[in-house]
Amino acid sequence: MKGIVFTEFLEMVEQEFGLEVVDKIITASQLPSEGIYTSVGTYDFFEMQNLLGNLSAETGIPINDLIYAYGLYFFQALTKHHRDIFNLYTSPIAMLASIENHIHVQVRKIYPGAELPTFKVLNQQEDFLEMMYFSERSMYMFAKALMEKTFEHYHENSKIEMEMIREDGSQVRFKIYKQPHAVNHQN
Ligand code: HEM
């Protein structure tokens with residue numbers, strides 16, 4: 001897992017829960033990196049699992065909710081550092097359908113050693129996208145958050161349904177609907 005994922009994560013924890021909680025979870029996690037991450041470095045995924053587990057224990061918030069919140073936060077970093085990629089697309093469905101064959105392909109060049117999920121597009125329509133998510137890291141709530149944020153980025157509304165194909169979350173079917181804008185009846 002790339003260092004940027006850790007540095008952004010710890011930044012979110014500091015912002016939401018304070019520096020004391022950052023120190024606490026780093027100490028409790030017994031990390032080979034000692035909690036010192038550089039954005040170009042690559043670290044073991046189990047460090048993230050430890051940090052999430054200890055943050056969950058500290059705050060009482062379930063791990064999946066923390067991963068979802070983290071996805072919402074991480075999106076800002078993506079649009080900040082990789083606006084050029086977002087500018088290539090004019091619709092959220094086109095963008096999401098291109099993660100596997102274009103976006104994460106670029107990501108592998110920019111971040112050597114990145115551990116990325118696999119997405120398979122099963123059905124793509126103008127306002128509907130069905131994709132299968134595969135990853136041994138089971139970060140499907142991170143995916144859901146990034147998908148919702150992608151719609152927001154293009155000023156569109158979405159409804160996202162998930163179906164666990166494997167119980168451990170390593171294979172999840174996403175049904176992504178572009179929702180119409182609310183009509184404003186003010187006469
Ligand atoms: C400019 C756009 C994007 C960039 C630059 C980008 C980059 C990255 C990076 C650097 C990682 C971490 C890799 C690692 O830790 O080794 C990652 C992971 C991930 N990305 Fe993207 N990403 C982009 C868009 C998206 C979008 C729109 C989605 C929506 C589904 C997505 C889904 C994921 C997921 C789910 C992971 C977690 C790893 C896993 O599940 O195995 N990415 N991405």
Side-chain angles (χ1 to χ4, degrees), residues 1-12 31 33 37-52 63-122 124 128-156 158-166 168-178:
M1 180 162 262
K2 298 309 293 183
I4 186 173
V5 184
F6 289 91
T7 53
E8 293 290 330
F9 175 74
L10 293 175
E11 201 180 290
M12 177 191 77
L31 308 164
S33 71
Y37 302 104
T38 67
S39 62
V40 291
T42 307
Y43 307 86
D44 241 62
F45 177 58
F46 89 83
E47 294 207 6
M48 181 54 75
Q49 284 175 305
N50 274 352
L51 288 167
L52 281 164
I63 288 182
N64 266 343
D65 294 0
L66 292 171
I67 295 181
Y68 176 75
Y70 180 41
L72 298 178
Y73 186 88
F74 192 70
F75 190 82
Q76 294 172 25
L78 292 183
T79 48
K80 190 169 144 203
H81 298 294
H82 303 288
R83 181 156 289 275
D84 50 327
I85 298 182
F86 286 90
N87 288 344
L88 292 174
Y89 298 93
T90 50
S91 95
I93 292 210
M95 156 113 199
L96 294 174
S98 305
I99 299 171
E100 182 67 20
N101 293 329
H102 172 243
I103 296 170
H104 278 171
V105 175
Q106 295 302 113
V107 170
R108 274 183 218 288
K109 294 182 197 159
I110 306 168
Y111 301 96
E115 294 176 298
L116 297 163
T118 299
F119 286 101
K120 270 207 176 83
V121 174
L122 303 177
Q124 182 178 0
F128 175 69
L129 180 65
E130 186 176 352
M131 284 205 297
M132 198 68 94
Y133 164 89
F134 302 87
S135 169
E136 58 193 22
R137 287 167 295 286
S138 300
M139 289 176 68
Y140 54 90
M141 290 305 289
F142 192 79
K144 183 169 190 272
L146 294 182
M147 289 173 187
E148 289 175 356
K149 280 290 189 183
T150 299
F151 274 83
E152 265 181 41
H153 179 81
Y154 294 100
H155 308 289
E156 298 284 358
S158 63
K159 186 180 83 184
I160 296 177
E161 293 171 0
M162 294 185 299
E163 182 192 342
M164 296 290 150
I165 304 299
R166 296 186 65 162
D168 65 0
S170 62
Q171 196 175 332
V172 179
R173 184 197 305 272
F174 279 90
K175 287 187 180 161
I176 304 159
Y177 301 85
K178 180 175 138 185

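Since the model is a prediction, treat every value here as computed from it, not as a measurement. Numbering of ligands and ligand atoms starts at 1, following listing order.
- Comparing I110, L78, V107, T79 against atom 9 (C) of ligand 1, the shortest heavy-atom distance belongs to V107.
- When ring centroids are compared, H81 and Y111 stay outside the 6.0 Å threshold.
- Atoms of ligand 1 lying under 4.0 Å from any heavy atom of F86, numbered from 1 in the order shown and given with element: 1 (C), 2 (C).
- Contact atoms of ligand 1 toward A114: 13 (C), 16 (O) (distance under 4.0 Å to a heavy atom of the residue).
- Nearest protein heavy-atom contact of atom 28 (C) of ligand 1 is I99 CD1, 3.5 Å.
- Distances from ligand 1 to the non-hydrogen atoms of Y140 include no value under 4.0 Å.
- Applying the 4.0 Å criterion to heavy atoms of T150 picks out, from ligand 1, the atoms 27 (C).
- Ring pair F75/F86: centre-to-centre distance below 6.0 Å.
- Shown in contact with V5 at under 4.0 Å from a heavy atom are these atoms of ligand 1, numbered in order with element: 12 (C), 15 (O).
- Using a non-hydrogen distance threshold of 4.0 Å, F119 registers as a contact of ligand 1.
- Counting heavy atoms only, H104 comes closest to atom 33 (C) of ligand 1 of the residues M139, H104, M1, M147.
- Against a heavy-atom cut-off of under 4.0 Å, Y133 is close to the following atoms of ligand 1: 35 (C), 39 (C), 40 (O), 41 (O).
- Applying the 4.0 Å criterion to heavy atoms of H82 picks out, from ligand 1, the atoms 1 (C), 5 (C).
- Under a 4.0 Å criterion applied to the non-hydrogen atoms of I103, ligand 1 contributes the atoms 2 (C), 3 (C), 23 (C).
- Close contacts between ligand 1 and I85 involve ligand atoms 1 (C) [criterion: under 4.0 Å to a heavy atom].
- Regarding atom 14 (C) of ligand 1, its nearest protein heavy-atom neighbour is K2 N, 3.4 Å.
- At a threshold of 4.0 Å, the pair K120-E100 does not count as salt-bridged, since none of the basic side-chain nitrogens sits closer than that to a carboxylate oxygen.
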